[in-house]
2 protein chains.
Amino acid sequence: MSNEQALQQYDVKKYRTPDGYTSDIAVFTILSAKEEAFKPPVMDLKIMLIKRSMVDSEGRPNMEAGKWALPGGFVNPDESAFQSAQRELREETGVDHIHLEHFGVYDAPGRDPRGWIISNAHYAIVPEHQISNREANDDASEVELFSIGHVLDLELAFDHAQIIRDAIAVIRQKLLESAVAKEFLPDEFTYSELQAVLMTVTRDSAITLDAAFARKIKSLPFIEEVEGKKTTRTSKKPTQLYRFIDIEVNNSIYHTKK
Amino acid sequence: MSNEQALQQYDVKKYRTPDGYTSDIAVFTILSAKEEAFKPPVMDLKIMLIKRSMVDSEGRPNMEAGKWALPGGFVNPDESAFQSAQRELREETGVDHIHLEHFGVYDAPGRDPRGWIISNAHYAIVPEHQISNREANDDASEVELFSIGHVLDLELAFDHAQIIRDAIAVIRQKLLESAVAKEFLPDEFTYSELQAVLMTVTRDSAITLDAAFARKIKSLPFIEEVEGKKTTRTSKKPTQLYRFIDIEVNNSIYHTKK
DNA sequence: GCAATAGTGTCTTTTAGACAATATAAG
DNA sequence: CTTATATTGTCTAAAAGACACTATTGC
């Protein structure tokens, strides 16, 4: 096999290679802004950041120390960026077993003062209870949730302001164009709870008007009524519960929604 | 500024770093399978591949020599993967000035026998005339277009079979969920020409039925009639021309298409 | 009974689907 | 006048939008 010859003569040093390969993770959750009896929730979309320690694990001054940043770190040679993202998230924040998705690569020359460092950005969408055990570890001195409306006012490390802007745009779109809103809700939910989730990203009248939305939820092909099951957690009048069903959503712009 | 101290003590050799950072490009085009007078076109979606040379530019045996592959190559330290993709495409195939988009990262350990090599995958959607001057150069001994139905039967280099599978899935979705079909069409086109493009990725009756589609095209918010302009290139009866207009398409699954 | 949320009734307007019928022009 | 595409007519059914009205329950 001629690949063997090629490999013998291949000089791995021939090309200048990157100085680092990293992963960053934008974890989003939704908190109920206030929790009152018999009230539909008002929700607030949050992103989880860490505060970078002043010194690294070996006691030396840390890069971008004291700034807020996405959790993340260097990829090991025996793992993919995706696996690294899961590991770093666990190591820095204690958060594990959540569903991540890759959404971008950040490799502009000069983005990191330490050299030619390439970062893979991931996002996750989780209910708050999945990250309630978060805790700063490793490189992180604090872990905190920030409203997406305010997060960009912080002093952010590296080019994380840009990554966060992009992540917010991605999840706004995902919330409306896919059924991921499911991830922010209990298995069985009322129309007003789904509405509250969607209202964190749009003020469109088709969603904000109660009567319209209460009707629409019944005709959505990917949501079904939980027959005969009601709750009083959002109002005094018992409210119908719904659940997502697992079907692929046809989102063609040339088709009718069915 | 404490970053300076951190930088002084930062050891770029501390982490094992990747052995290479590359870009690959999947260029798609649509060819009219047959071109007859007064007939609507029948179209075929194609992807452009290169055949890897037996020897590299310095005369040494090439990796994966003789196999078909996506154009692409190593990223230089002073460019992003995106810029590298444009350069490699130009160098290997002579194709320049086309719109690329990033769609994935391939970094599974072991994917490239030469070492830890990370690749960024890009796709492009272009009318055939934009790549009609393609010509093999550099590492490539041939450039050819393959139907997406047959391309996976070829002997493909590295993990390009997987990248190509992913790219095909991405453009199928893009064609239906965004207005990129535009890129395969002249500025002014008939309903049957748009229909032919969409039929390369779906056989759904809402698109294949002439009367239904001819009506639907008039109500699509992102397409307008070119007033009073007709052509006879697809039929003896003069046919209305349409054009895409540049508006963002609301593709929310909770909204009505308007 | 009041207040607050959930949900229905009903009317009007649009849209979709089906399929038959008509329009146009080359040859 | 035949043929192949393009396009409209027409009917039916379903969906959407608007807004008033009803339902339920804690207090």
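Quick note: numbers below take in every heavy atom, side chains included, and nothing from hydrogens, waters or symmetry partners. Please read these numbers as outputs of a predicted model, since none were measured by experiment. Per chain, numbering begins at 1; letters A, B, ... match sequence-line order.
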Looking at every strand, decide which applies to S192(A) at a 4.0 Å heavy-atom threshold: base, sugar-phosphate, or nothing.
sugar-phosphate

Side chains of L176(B) and T202(B): closer than 4.5 Å at any heavy-atom pair?
yes

Considering only heavy atoms, which members of residues 224-238 of chain A lie under 4.0 Å from some atom of DNA chain C?
T234(A), S235(A), K237(A)

Which residue pairs satisfy the salt bridge (charged side-chain N to carboxylate O under 4.0 Å, His left out) criterion with at least one member in residues 140-149 of chain A, sequence neighbours excluded?
K51(A)-E142(A)

Quick one: Q195(A) CD to dT5(C) C1', roughly how many Å, whole number?
11 Å

Rounded to the nearest Å, what distance is computed from the CG atom of residue L194(B) to the P atom of nucleotide dT7(D)?
13 Å

Could you tell me the separation between the OH atom of Y242(A) and the C1' atom of dG7(C), rounded to a whole number of Å?
9 Å

Any donor-acceptor pair under 3.5 Å from S32(B) side chain to E35(B) backbone:
no

Nearest to the side chain of Y191(A) - dA6(C), dA26(C), dA16(D)?
dA6(C)

Verify the contact: side-chain N or O of K39(A) to OP1 or OP2 of dT5(C), cut-off strictly under 4.0 Å; return yes or no.
yes

Counting distance only, does the side-chain N/O of Q83(A) pair as donor-acceptor with the main-chain N or O of S80(A) below 3.5 Å?
yes

Expressed as a whole number of angstroms, how long is the span from L220(B):CG to dT14(C):P?
18 Å

Near DNA chain D, under 4.0 Å by heavy atom, which residues of residues 196-218 of chain B?
A211(B), R215(B), K218(B)

Quick one: which residue pairs count as a salt bridge (charged side-chain N to carboxylate O under 4.0 Å, His left out) with a foot in residues 238-254 of chain B, not counting sequence neighbours?
E188(B)-R243(B), E224(B)-R243(B)

What is the separation between atom NE2 on H255(A) and atom P on dA16(C), rounded to the nearest whole Å?
12 Å

Fit a plane to each ring of F146(B) and W68(B), take the angle between them on a 0 to 90° scale, and name the class: parallel (under 30°), tilted (30 to 60°) or perpendicular (over 60°).
perpendicular

For S235(A), the side chain to side chain contact (heavy atoms under 4.5 Å, CB included) test, sequence neighbours excluded, returns K237(A), T239(A)

Applied to residues 205-231 of chain A, the ring pair (Phe, Tyr, Trp, His ring centres under 6.0 Å) test, sequence neighbours excluded, yields F222(A)-Y254(B)

Here the distance between atom P of dA6(D) and atom CZ of F189(B), to the nearest Å, is 14 Å

Could you go through the salt bridge (charged side-chain N to carboxylate O under 4.0 Å, His left out) check for E128(B) and R134(B) one step at a time?
CA-CA 10 Å; E128(B) 202 273 337; R134(B) 62 188 176 273; 3.3 Å; yes

